[in-house]
Amino acid sequence: MIDRTYLRENPDEVRDALENRGADVDLDAVLEIDERWRELKARGDELRHERNRITERIGELVAEGKQDEKDEAIEQSKELKAEIEAVEAEAAELQDELEEHMLEIPQIPHESVPPGVDERHNVEDRRWGFDDLREGPAEVTPHYELGEELDIIDEARGAKTTGSGFYFLKGDGARLEHALIQFMLDVHREQGYVDLFPPVPINSASMRGTGQLPKFADDAYRIGDSNDEAYDDDDLWLCPTAEVPVTNMYADDILLQDDLPLKHQAYTPNFRREAGEHGTETRGIVRVHQFNKVELVNFVEPENSYDRLEELLGEAEEVLRRLELPYRVLELCTGDLGFKAAKQIDLEVWAPADDMDDGPEQGGRWLEVSTASNFEDFQARRAGLRYRPERHESAEYLHTLNASGLAIPRVMVAILEYYQNEDGTVTIPEALRPYMNGQEVIEGHEKVGEAALGAGERE
RNA sequence: GCCAGGAUGGCCGAACGGUAAGGCGCACGCCUGGAAAGCGUGUUCCCUUUGGGAUUCUGGGUUCAAAUCCCAGUCCUGGCGCCA
């Protein structure tokens, strides 16, 4: 949430900033409601002041035993009460309306964000790992075909137990998943992160704290009711990213300056509806309804947040470097920024199998595996995340940042495609072998069931 | 799930129908050669800031007046029950 006072005092700056990101917000309506609210608030305060004086007087009159004057005062007070109720009821309505609007105004982009309309104007910073590429097969098999051949990814049976967009990992596939999780957690622990294992159901208040609600209710899985129904603060949703429970963990707390920077990592499953996302670009496990990821969340002092953003990006990159997976770094332009972010930097790994138009010269495509974001005080204001600066009397909003470290299915896609061998096996990246009991190659499994027999896939 | 008790400022903690003590911490000032101690002031949010309003977990109610009484809810503690 942006600062209401700032909006009131700098409407043109806010208007320009929102225009740059292509946001459609009726600022005039908001400013007008704010204006009307302030008038009513002042009127209500006045009336209350008057009543407080009378009530105080009643106490004195009771003590002095002045019956008649007391009765008269009580009569006055009753009259005021009705008037106050009317004024304040209207003010409260406007206040709610104002709050509703404020929750839907996106964050103001940082001045360093490149201007642009959409993803075409994102700016590539650099690439890593392309100078010394690994020798792969002439024709790389896409992960969704390979996963099926090796019988390590089973999408069909996932659809059977749950629905499309859910999948089973089996044997070495499941093992690779576990290995990636443990490996990532170890890397980040070295970087000073403290592990958390959060609850998976999340209440609406927390979802609003990080910015998922109210605008993006359709993206989340709601527990126990339809997404279309009205929800209460304590209604539950399935965790869409560990950012939500971890950031809200300190909601309404005041942290000590010594606590900062506070760095948490959390591995959780993530649930996303991804409505209407189907096609070649999303085949396989690139876009699914449930996936696991290690999330990095930082709580920092405002003056350090942009330095931290660079460091945070480096901490996520470290995972790809150790896995020796080629990738690129992309600065998002104003038009492609997420709702709550002031600045975002994407990390995209190279998946060589499917040639896409916007992929690199070597063929294949880019897969976003992490976005390092600085939210500044946007989430802090929503969730009530504060700290007390030294030599400061009052608590202030801190800055929050996060990045995936990393999204596991897409890293798995990159491994299955980039580390693929001519014979259809997959070499396990060296960094992961200690987590797989020294295993060096994924050779796959014999398939199970009569369908496999009929297809000639087993004897 | 049942019963009992509880929730007050950054923290601790009093007040139990008449408008929120006190202590700790922190900030600023006085004092001091300097520090400690001591003393003073300040230390939630909102507004149109020499002023005013709101705020005792949340939401309702009773009353001229609610931290205080009543109802509902959330969370915490203890006991009982159930349970992998």
Side-chain angles (χ1 to χ4, degrees), chain A residues 1-9 30-99 101-102 198-209 223-224 230-237 245 248-260 262 299 301 377 380-398:
Chain A
M1 196 151 57
I2 65 170
D3 183 4
R4 210 160 92 197
T5 313
Y6 180 81
L7 168 62
R8 191 181 295 151
E9 286 166 4
V30 180
L31 289 164
E32 197 195 309
I33 296 167
D34 181 54
E35 178 69 36
R36 273 164 54 212
W37 171 76
R38 272 154 55 212
E39 278 166 24
L40 283 170
K41 158 91 172 137
R43 174 82 186 122
D45 282 0
E46 240 171 70
L47 292 170
R48 271 192 183 266
H49 175 52
E50 208 171 321
R51 190 180 66 146
N52 284 344
R53 271 178 30 220
I54 293 172
T55 304
E56 211 171 320
R57 181 77 188 130
I58 292 171
E60 290 165 19
L61 293 171
V62 169
E64 292 165 15
K66 293 180 177 167
Q67 191 65 32
D68 292 349
E69 284 180 53
K70 188 200 79 179
D71 289 346
E72 197 181 319
I74 287 177
E75 206 45 50
Q76 269 182 15
S77 177
K78 277 182 174 172
E79 278 166 30
L80 273 174
K81 188 181 183 176
E83 204 176 338
I84 290 170
E85 262 169 31
V87 171
E88 290 193 342
E90 201 182 335
E93 219 169 281
L94 288 175
Q95 172 97 337
D96 288 350
E97 211 178 315
L98 202 51
E99 174 81 5
H101 278 94
M102 290 305 293
V200 171
I202 312 291
N203 61 31
S204 312
S206 297
M207 293 281 280
R208 187 172 53 240
I223 302 177
Y231 50 82
D232 289 328
D233 275 5
D234 47 7
D235 284 336
L236 296 173
W237 308 71
N248 284 286
M249 186 178 177
Y250 299 107
D252 299 322
D253 271 339
I254 294 180
L255 301 179
L256 301 172
Q257 190 176 35
D258 282 349
D259 294 332
L260 307 179
L262 185 60
F299 302 82
E301 292 187 67
D377 61 4
R381 187 170 281 112
R382 287 174 164 243
L385 301 165
R386 295 182 299 166
Y387 82 110
R388 198 179 298 282
E390 206 177 339
R391 306 192 169 281
H392 239 265
E393 293 176 349
S394 57
E396 303 217 328
Y397 291 118
L398 44 75

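Just so it is clear: chains get the letters A, B, ... in the order the sequence lines come, proteins before strands, and each one is counted from 1.
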>> Counting Watson-Crick and G-U wobble pairs with both distances under 3.5 Å, what is the dot-bracket string for RNA chain B, 5' to 3', using [ ] for crossing pairs and | for pairs to another strand?
In response: (((((((..(((.....[...)))((((((.......))))))((((...))))..(((((..]....))))))))))))....
> Does G53(B) have OP1 or OP2 sitting under 4.0 Å from an N or O in the side chain of N52(A)?
Replying inline: yes
>> Using atom P in both nucleotides, what's the gap between U68(B) and G60(B) to the nearest angstrom?
In response: 14 Å
> Contact class for I254(A) vs. all strands (heavy atom < 4.0 Å): base, sugar-phosphate, or nothing?
Replying inline: sugar-phosphate
> Are T55(A) and N52(A) close enough that a side-chain donor and a side-chain acceptor fall under 3.5 Å?
Replying inline: no
>> For the C1' atoms, the ones on G25(B) and on U19(B), what distance do you get once it is rounded to whole angstrom?
In response: 28 Å
> Which part of the nucleic acid does D233(A) contact within heavy-atom distance under 4.0 Å: base, sugar-phosphate only, or nothing?
Replying inline: nothing
>> Using atom P in both nucleotides, what's the gap between A20(B) and G42(B) to the nearest angstrom?
In response: 16 Å
> When rounded to the nearest Å, what value does the distance between C1' atoms of U8(B) and G78(B) take?
Replying inline: 22 Å
> Which is true for R8(A) with a 4.0 Å heavy-atom rule: it touches a base, it touches only sugar-phosphate, or it touches nothing?
Replying inline: sugar-phosphate
> Hey, does the side chain of K78(A) come within less than 4.0 Å of C64(B)'s phosphate (OP1/OP2), counting only N and O?
Replying inline: yes
>> Does D45(A) contact G52(B) through a side-chain donor or acceptor facing the base, at a distance under 3.5 Å?
In response: yes
> Mind checking the C1' distance from A66(B) to A54(B)? Whole angstroms is fine.
Replying inline: 15 Å
